[in-house]
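Take a look at the structure below.
In this chain, numbering begins with 1 at the start of the sequence shown. Keep in mind that what you see is a predicted model, and the values were worked out from it rather than measured. Heavy-atom basis, side chains included; hydrogens, waters and symmetry copies ignored.
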Amino acid sequence: MPRMLRQLMHRRIVMVSALVLLVIAVLALGAPWFASADPNDTAVLDRLKPPSAAHLMGTDELGRDMYARIVHGARYSLAIAALTALGSVVLGTILGLMGGFFRRLDAPLMRVVDAMMSFPDILLAIALVAILGPSLVNVVLALVLVYTPRVARVVRASTLVVRELLFVEAVRALGVRTSRILWRHILPNLMSPILVQVSFIFAYAILAEAGLSFLGVGVPPEIPTWGTMVASSQQYADRAFWVVLFPGLAIIFTALSLQLLGDGVRDLLDPKLKKAA
């Protein structure tokens with residue numbers, strides 16, 4: 001791990017991306033200290049005020065401070081993305097391991113995965129949220145179901161390779177329990193693609209939540225996520241561009257930084273890409 005970190009530090013774009021994510025995470029965790037104003041306090045007389053010393057990022061259509069809403073909204077947006085990435089990776093890893101290691105389960109599990117992946121991500125998420133109802137928990141559940149097949153496919157493909165290696169055949173010949181083989185011998189060798197999938201799904205979930213909120217089927221409007229800010233303020237963008245610009249930039253910088261960080265980790269962990277570089 002120290003050697004990996006040193007190699008990542010030599011990649012300037014990866015370090016810049018990690019620094020951006022660190023700043024966003026610190027702001028989210030310390031939102032009450034970095035943005036003391038209540039993000040839901042309204043002041044009609046101050047509605048659609050441009051950025052100034054009193055309001056660093058201006059105010060929205062209800063006079064709410066945009067800086068406070070973006071900083072506090074980072075908590076919700078990052079929490080949704082983190083829970084989605086965690087749930088998708090856990091479920092996808094279990095399904096991928098089962099399908100890749102047990103031949104009898106491979107065909108039925110992968111057919112279900114193929115059926116789910118045949119739908120565009122955003123359309124499947126809209127359908128699931130419409131069935132479950134618009135709430136923060138239901139959005140997370142819908143996104144987990146959407147991105148689990150993606151992880152399952154990657155883990156299954158890696159498991160098929162690791163399963164045939166000599167050390168796995170040796171421990172199976174020694175009579176080691178199947179659960180121990182999966183946990184101690186196969187899963188550790190799958191951590192590279194799993195870590196890459198975590199970073200990508202984290203970014204996808206941020207964009208998907210913003211898309212669902214923009215379409216009006218995401219979390220309730222009273223929850224200040226970056227997506228709900230863009231959705232509620234889009235009709236005022238021609239008069240006050242900052243109400244859409246700043247939450248949009250937060251989404252872009254976070255998703256782009258996660259993608260670049262994931263690319264850097266993938267290039268570092270993939271022997272073929274390292275050799276080509």
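- When all heavy atoms of Phe214 and Ala231 are compared, the pair lying nearest together is CA-CB, 3.6 Å.
- Partner of Arg69 under the salt bridge (Lys or Arg N to Asp or Glu O under 4.0 Å) criterion, chosen from Asp60, Asp38, Asp41: Asp60.
- Listed by first and then second residue, the salt bridge (charged side-chain N to carboxylate O under 4.0 Å, His left out) pairs that reach into residues 163-188 are Arg103-Glu164, sequence neighbours excluded.
- For Ile251 against Ala210, the heavy-atom pair with the smallest separation is CD1-CB, 3.6 Å.
- Judged as a side-chain hydrogen bond (donor to acceptor under 3.5 Å, both in side chains), not a single pair has a partner in residues 42-54 (not counting sequence neighbours).
- The side-chain hydrogen bond (donor to acceptor under 3.5 Å, both in side chains) pairs that include a residue from residues 249-262 number zero, where partners must be two or more places apart or lie in different chains.
- Scored by the salt bridge (charged side-chain N to carboxylate O under 4.0 Å, His left out) test, Arg150 finds Asp121 as partners (sequence neighbours excluded).
- Listed by first and then second residue, the side-chain hydrogen bond (donor to acceptor under 3.5 Å, both in side chains) pairs that reach into residues 82-100 come to none, sequence neighbours excluded.
- For residues 207-227, the side-chain hydrogen bond (donor to acceptor under 3.5 Å, both in side chains) pairs, not counting sequence neighbours, are Glu209-Ser213, Glu209-Thr225, Thr225-Thr228.
- Between Val113 and the choices Ser118, Pro108, Pro149, the side chain to side chain contact (heavy atoms under 4.5 Å, CB included) rule is met once, by Pro149.
- For CZ of Phe253, the number of neighbouring non-hydrogen atoms (other residues, nucleotides, ligands) closer than 6.0 Å is 12 at most.
- Nearest approach of Ser17 to Ile13, heavy atoms of both residues: OG-O, 2.8 Å.
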